[in-house]
Amino acid sequence: MITKELGTPSKYLQPVDSFTKRTLDDKLEEVSYIPESHIRIWYNNIPVGYDTHWHDALEVIICMENQYTVIANTKTYTLNVGDILFIPPHIPHEIIANTNGIRFVCLFNIDMLQEFRDYKTMNPIFMEAYLCNATVCPDIYQYIYSSFMNIIDIYFSNPIMWETKIFSMLINIFSSIGSNYFQNSSSELLTTSDHKSREYYEKISYLLNYIDSNYAEEITLEQAASYIGFSKYHFTRLFKQYTNSTFYDYLCHKRVQSAQLLLATNTPITNIAFQTGFNNMTTFCRCFKKITNCTPTEYRNKFRNEEVK
């Protein structure tokens with residue numbers, strides 16, 4: 001049966017009596033979860049897109065029919081049937097749907113997960129949107145796809161303990177992504193003993209958590225290497241193998257991500273530069289443009305549709 005209002009199959013109607021539409025404050029979306037929960041999943045077959053916006057929820061888009069185009073930060077993702085796109089919290093994104101199609105849009109409040117050390121260790125994976133399909137993630141794709149189909153079934157059937165069941169599956173999904181990433185992060189790690197591989201994981205994990213909490217402070221490569229007990233040269237090679245980024249590029253990316261959030265406020269741009277760890281405006285603007293393809297001022301004007309200096 002199809003509802004007259006939204007063209008949504010009855011099995012995918014929201015499991016709540018009230019329906020809350022999207023709420024936007026400039027580009028910031030206030031996500032409407034099911035009351036007293038941390039989850040909202042939409043069946044979406046509307047052939048219209050969504051302008052650039054951001055929110056503090058994890059968004060997962062699963063393409064079920066035709067194609068769907070998503071622009072997250074500066075990267076464009078064309079989703080084909082079966083593709084799954086993870087858009088981490090706070091990443092500006094735009095959704096383009098010029099043709100009829102079907103997709104599920106899942107929104108999760110993952111504040112609790114973001115406190116886990118293991119989740120912070122996955123920061124290199126989720127610095128940008130994460131595309132999962134059979135080509136990119138052959139070892140784990142089928143498991144992740146099946147898990148989300150189960151999550152969707154649980155959400156719309158709304159059994160007892162539905163939210164706990166969904167979050168237990170979501171945690172397992174993140175665990176499979178993180179384990180797969182680390183196991184395939186470098187040929188050197190794969191050829192070391194299990195003991196040495198675990199040692200590398202633990203040390204890099206500690207460092208990434210340290211950066212996550214202290215990116216606004218001055219952290220040199222030498223200090224980072226010393227923090228986990230490696231020589232500068234061994235650290236440089238190992239960090240690149242695990243994060244697919246140099247230490248300074250990674251640190252810059254973390255700082256720019258924080259600056260992007262602050263640029264959605266009225267905080268003066270000069271203050272933002274220093275609050276996020278940059279010691280001068282020249283470095284801030286250079287790093288910001290390298291990652292976002294625009295200056296901080298251009299980003300603020302574009303994101304807020306107003307000129308704030």
Side-chain angles (χ1 to χ4, degrees), residues 25-28 52-56 71-75 87-94 114 120-129 203-309:
D25 180 6
D26 284 330
K27 303 294 185 180
L28 171 62
T52 301
H53 63 284
W54 68 278
H55 39 64
D56 58 9
I71 302 173
N73 270 342
T74 60
K75 295 185 178 180
I87 305 174
H90 309 302
I91 288 185
H93 54 284
E94 173 186 0
Q114 290 177 310
K120 292 179 180 179
T121 302
M122 292 192 288
N123 277 342
I125 306 173
F126 296 116
M127 297 291 279
E128 303 287 353
K203 289 189 174 185
I204 290 294
S205 176
Y206 280 125
L207 177 63
L208 293 179
N209 275 264
Y210 178 78
I211 294 173
D212 188 72
S213 300
N214 298 278
Y215 62 85
E217 305 298 326
E218 182 178 355
I219 309 174
T220 66
L221 187 150
E222 291 78 9
Q223 289 171 331
S226 176
Y227 182 76
I228 55 175
F230 286 138
S231 71
K232 171 182 174 181
Y233 302 102
H234 183 51
F235 169 79
T236 299
R237 182 163 44 99
L238 186 64
F239 191 88
K240 180 66 179 289
Q241 288 168 340
Y242 180 72
T243 66
N244 198 32
S245 171
T246 68
F247 169 74
Y248 284 116
D249 282 347
Y250 181 84
L251 182 59
C252 177
H253 205 139
K254 287 291 298 180
R255 289 170 170 171
V256 167
Q257 277 190 324
S258 179
Q260 285 177 289
L261 296 180
L262 291 172
L263 285 166
T265 71
N266 291 320
T267 306
I269 291 178
T270 301
N271 291 8
I272 291 174
F274 289 102
Q275 287 177 24
T276 53
F278 295 96
N279 54 19
N280 61 72
M281 283 297 295
T282 300
T283 302
F284 174 50
C285 292
R286 183 176 67 248
C287 289
F288 195 94
K289 187 163 187 176
K290 178 181 178 181
I291 291 170
T292 67
N293 286 333
C294 61
T295 67
T297 300
E298 290 169 343
Y299 180 89
R300 169 170 274 178
N301 292 342
K302 175 183 177 181
F303 194 71
R304 302 183 65 202
N305 286 329
E306 61 184 42
E307 185 170 349
V308 181
K309 300 265 179 123

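We count residues from 1, following the sequence as given.
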Under 3.5 Å donor-acceptor, [X] side chain and [Y] backbone:
| X | Y | answer |
| --- | --- | --- |
| T236 | K232 | yes |
| N209 | S205 | yes |
| T276 | A273 | yes |
| N280 | T282 | yes |
| S258 | R255 | no |
| N301 | E298 | no |
| S245 | Y250 | yes |

Can you tell me how far apart [atom1] ([X]) and [atom2] ([Y]) are? Round to the nearest 0.5 Å.
| X | Y | atom1 | atom2 | value |
| --- | --- | --- | --- | --- |
| K203 | Y242 | NZ | OH | 15.5 Å |
| H253 | N123 | NE2 | CG | 10.5 Å |
| E128 | I91 | CD | CD1 | 5.5 Å |
| I269 | R300 | CD1 | CZ | 5.0 Å |
| Q241 | T243 | CD | OG1 | 10.0 Å |
| L251 | F278 | CG | CZ | 7.5 Å |

For [X] versus [Y], what's the shortest heavy-atom pair and its separation?
| X | Y | result |
| --- | --- | --- |
| L263 | Y299 | CD1-CD2, 3.7 Å |
| H93 | W54 | CE1-CA, 4.3 Å |
| Y248 | L221 | OH-N, 3.0 Å |
| P88 | A129 | CD-CA, 3.9 Å |

Given side chain to side chain contact (heavy atoms under 4.5 Å, CB included), test K290 with D249 step by step and report yes or no.
CA-CA 10 Å; K290 178 181 178 181; D249 282 347; 3.1 Å; yes
Q114 meets the side chain to side chain contact (heavy atoms under 4.5 Å, CB included) criterion, sequence neighbours left out, with P89, I110, D111, Y119
Any residue meeting side chain to side chain contact (heavy atoms under 4.5 Å, CB included) with I71, in chain and number order, not counting sequence neighbours:
T76, E94, I96
Test item: side-chain donor near acceptor, T295 and T297, under 3.5 Å
no
Assign the ring pair F284 / F288 to parallel, tilted or perpendicular, where the plane angle (0 to 90°) is split at 30° and 60°.
perpendicular
Hey, can you tell me if H234 and F230 have their rings parallel, tilted or perpendicular (30° and 60° cut-offs)?
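Geometry flag for F230 against H234: perpendicular rings.
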What do the steps show when you test F235 against L207 for side chain to side chain contact (heavy atoms under 4.5 Å, CB included), and what is the final call?
CA-CA 11 Å; F235 169 79; L207 177 63; 3.2 Å; yes
Check whether any side-chain heavy atom of N73 lies under 4.5 Å from a side-chain heavy atom of Q260, and answer yes or no.
yes
Any side-chain heavy-atom pair of N244 and P124 under 4.5 Å
no
I'd like to know whether H90 forms a side chain to side chain contact (heavy atoms under 4.5 Å, CB included) with Q257, so could you lay out the CA-CA distance, the side-chain angles of the two residues, the decisive distance to 0.1 Å, and finally the verdict.
CA-CA 8 Å; H90 309 302; Q257 277 190 324; over 6 Å; no
